[in-house]
Structures are given as structure tokens and as C-alpha cells.
Number of protein chains: 2
Amino acid sequence: MMNSTINKQTLSEIVVSKIKKHIIDNDLKAGDRLPTEQEMADSFGVSRLSVREATTTLSYLGIIDSAPRRGLTVGKFDLDRLKEFLGFHFALNDYPREKLLYTRVVIEVGILGYSSKAIIADKGVYYKLDEICNEIDKYDSLDSYIHWDIEFHSMLVKVAGIEPLVMFNDLLQTFFRKFRLEISSIGKYRDKGHNVHREILESLRCGNVDQAENLLREHLGCYKEKIQNS
Amino acid sequence: MMNSTINKQTLSEIVVSKIKKHIIDNDLKAGDRLPTEQEMADSFGVSRLSVREATTTLSYLGIIDSAPRRGLTVGKFDLDRLKEFLGFHFALNDYPREKLLYTRVVIEVGILGYSSKAIIADKGVYYKLDEICNEIDKYDSLDSYIHWDIEFHSMLVKVAGIEPLVMFNDLLQTFFRKFRLEISSIGKYRDKGHNVHREILESLRCGNVDQAENLLREHLGCYKEKIQNS
DNA sequence: TTTGACGTTATTGTCAGATGATATGATGAA
DNA sequence: TTCATCATATCATCTGACAATAACGTCAAA
């Protein structure tokens, strides 16, 4: 009955475009209201279902929010949403483990300067990391070691306060958890009776970023050989 | 009748997850068949409509392809699609630019060591970057400067060969493209009659990674002040 | 045997209409 | 005023149906 143009797209895709256009044309910002689904259905000349498929898609992408009775509003950008897609991307294209390790090194070493500043500026930040080090020292079981090890590394990135990197690093950790379990020999670092994590933390507290970087680089380097034979 | 867990998500979101899970669990690759919408509706215990909202969404992202009579197949998950939406998000309400800049600094500075190795190991890599520097030297117009500037920075990451970072950096560039246009004053670095990019490249060729890091950090730092007043 | 036309059919694409769930806003009482 | 209560608009989901289309099998002709 409609659809003058011979469009290869599905109706919902067309509606998605129209909604995006509507947002841009009216210069809508996060939180602004959109017409109701029924109104759009009427004005676009399609059924509400087609509109619904479009709003569902946009909602999934975080471009709009929807709630009963409140209606549709323009959404705000959400890193978690992006994280989900990237996670899926990671799950499909398996990147070589070596590359994933290098990625971790770049990020974790790269943020140490920011982490150090945060630790020095706020005692609470230091205590949080210190507490994690204490947990690592306990060394109840491999499981708990791995848990707190991840916690430490994640926290290091988190306190740096650069959210996109936190998000990306979280994704990486997901994949490292899997094979951290395969690589069980952590004795090397625990046997010495000291805790690399604490050394790193202390270096950061003293503003000795270079030393922390070297320690962390070496610490992560221990995975490298293990990756080779797997 | 269903929905045992008190999930805050919508049904279609749950179905999206289930389909993604199905793809991962069965290790499906692009082109592989998925169950029909009706089959999924039955097996998930929801109506076909809910499945449809999910497949529409996934189809829009290119995660699945669908065609009448052929059914649903796994598509090639194209990050370009994702970039489009990131760009759209950024057009609406931009993410804190400071954080984006820091992210860039961490990644671009962090990979320089790997880039240097690649440059030294393979003359071809050097020539590629050198050629880009030549283009920057020409300085025809702001547009071309921006284009080759982006090219240079992307290439630096690319030659380092850490694919996950290349991918992530690619996404970041989506955010930066728009705002590089707003910041037009590049004279500061060009007027001196030298090209920072070339300096960085030469440092890397000589294996002087520290110097390259400092140069790049300073180079990117010039954005910082511009971010403040915008 | 190969090839090409043709009808069948499975599967997505779209519609209409209805009910449930829920947050907002209005109403009224303390 | 402030709080509780209720009505209602709007999304969330379902049922059931029909249209459109492309793959598949069939059969006839070369």
C-alpha cells in the first residue's frame, strides 16, 4: 500500500533510518521524548509492529530508551552496551593469545602513571588495593588466588579512571580467566615469599612509576612462555 | 508461563543473548544455518514475535542474515556497523573528550615499542610511514592534513601488529574524526618547519623508543588544552 | 543425460487486534 | 503541605493470519 521506492531494505530498517533522521533533524539530546510507537506507525504509514522492530533495535543499541507509560526517549551512550558487542566480537574471532597478552601489557602498563596519581591523591584508593594484596597473601587456594589476582589487575586499571580502557580491559580479563585456570603454576611468584602485586603498589605509592612498569611488565611476561606451549 | 528468573531485561534481549550463546556454543561460522524463527520460539518458550524482535536486531548488526525461504544464517559481524552507531551516539551527546584522549595516549604510546621493532625489522614498514610523512609535509589543505594525520597514527598502531588494539583504536578514531575537524589550529606544529610525525618515525627507526614516546605524548598533549575550552 | 520451465512449499516479512504490566500524573485524604 | 491511592497512557507480549519470496523437486524437451 505504501513503499513507493523499490527498497531492498526491510520495513524496519527503513523505520530505523527515519527515527535516526527524526532525532537529528529535531536536534534531540539524551532524555528527549520521541513520538509514541503508535504515532510513528501512523505517520510513517506502517504497522506498529514494524515500528516496534525498529525501536527494539535502537533500544538494544542504546540509542533510545523505552519504558511503559513513559514512552520513548533518546538514550545516552553506554559503554556496557559497547562491551557486549565487542565481547561477542572477541568470542567469534579468536585472537592469538600472544596478542591478547600484549594488549594487556600495553593497557595495564600504560595506565600506571594515572593509577599512581590516583593512589597518591586519595588514601582510600591505596587502601582498596592494599586490601586486595592482603587477600592475595592469604593464598587459600588456586581459585582464590586467581580471583584476587584478577581483582588486583582490574582495580589498577579502574582507579586510573579512564573508562574506555576499563571496559576494554574487563573484556580481556574475561578471556584470561579461562586460560589462567589452565596455567596453574603460580608458585614461581609466591614461593619467593613476597608478592609482586604489593611491590607494584608500593612503587606506585612512591610515585616511582618506571619501577612499577618494569615490575608489571615482568609479572605479565611470565604468561608468555606458558602461552607458547598451549 | 515462562520467565523463571525475575529478569529486568526484555524478552527480546534475552532471546538475543540466547541466540548469541547458541552461535558461540555451537561454534557457528558465517554462513551456517540457524534454527527457524518458529523453532526458536518453541524451544525458548516465547512467541515468534519476540524471537523476531531479536533476529531483527541481530540482523541489523550483521550478526545474522535472514531471507525468506532460506532462513537465518550467521553473518559476518562487521565492526563497521558498530562504528556507524558509535558515530551516531557521538553526534548526540559526546563522551568526555578528556577520557578519549587519555585512551589514545595509552594505546598509541604503549605500542611504540612494538612499532619500532617492526620498523627496524622490515624496511617496507618504514617506507610506508615515510610516505605518509611526505604527504603531511605537502600541507595542501586542512582536510588533507587531517586525513594523513589520522593515517599516520592509525598506521603506527597497525604496524605494531597487535590486532585487538588495532580494532579498538579503530573504534576510537570514530569518536575523534568529528572533533579533529573542530580543532583547526594545526599551525603550531607545522609552522616550525618541521614535522613531529617524521621526528617520531626517525626515533623509532633508531630504536629510540623513549624519545618517540615523549614526542608522541607531547604531540597528543596539544589536544588537551583545546579540549578544555570546547 | 542435461537443461530449462514450472508449480510446490517452507520460511521470513508484515499486518490487525487484544491483553498484561507499569510508571506517571491526578485525585483525595490526613 | 504531604502522603497514599487510583486511573490511564504506553510499552511488552501474545495469538492468529496472510503475503512475498526463493529454494526445491518434478517433469518435459533437447
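Each chain gets a letter, A, B and so on, in the order the sequences are listed, and its residues count up from 1.
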Task: Heavy-atom check, side chain of A:Phe90 versus side chain of B:Pro164, under 4.5 Å - done: yes

Keeping the roles fixed (side chain from [X], backbone from [Y]), state whether a donor-acceptor pair exists under 3.5 Å.
X	Y	result
B:Thr174	B:Leu86	no
A:Thr56	A:Arg52	yes
A:Asn26	A:Leu28	no

Please report the distance, rounded to the nearest Å, between [atom1] in [X] and [atom2] in [N].
X	N	atom1	atom2	value
B:Phe44	D:dT13	CZ	C1'	17 Å
A:Glu13	C:dT14	CD	C1'	14 Å
A:Gln38	C:dA18	CD	P	13 Å
B:Arg33	C:dT12	CZ	P	8 Å
B:Asp65	D:dA22	CG	C1'	15 Å
B:Glu53	C:dT12	CD	C1'	15 Å
A:Arg70	D:dC11	CZ	P	11 Å
B:Glu37	D:dC14	CD	P	14 Å

Side chain of [X] only, heavy atoms from C-beta on: which candidate in [options] is closest?
X	options	value
A:Leu11	C:dC15, D:dA12, C:dT11	C:dC15
B:Ser47	C:dT14, C:dT12, D:dT15	D:dT15
A:Pro68	D:dC14, D:dT10, C:dC15	D:dT10
A:Arg69	D:dA23, C:dT14, C:dT22	C:dT22
A:Leu49	D:dA22, D:dT13, C:dT14	C:dT14

- [ ] Would you check if there is a donor-acceptor pair between the side chains of A:Glu131 and A:Tyr127 at a distance under 3.5 Å?
- [x] no

Open item on the list: Please determine whether a side-chain nitrogen or oxygen atom of B:Ser66 lies at a distance below 4.0 Å from atom OP1 or OP2 of C:dT11.
Closed with: no

TODO: Decide, yes or no, whether a salt bridge links B:Lys29 with B:Asp27 under the criterion of side-chain N to carboxylate O below 4.0 Å.
DONE: yes

Task: Pair A:Arg198 + A:Asp137, salt bridge at N-O below 4.0 Å - done: yes

- [ ] Select from A:Ala67 and B:Leu34 the residue whose nearest nucleotide in DNA chain C is closer to the 5' end of that strand.
- [x] B:Leu34

Task: No-H, no-angle donor-acceptor pair, A:Arg48 side chain to D:dA12 base, under 3.5 Å - done: yes

Task: Runs of at least three Watson-Crick or G-U pairs with DNA chain C, cut-off 3.5 Å - done: C:1-30 with D:1-30

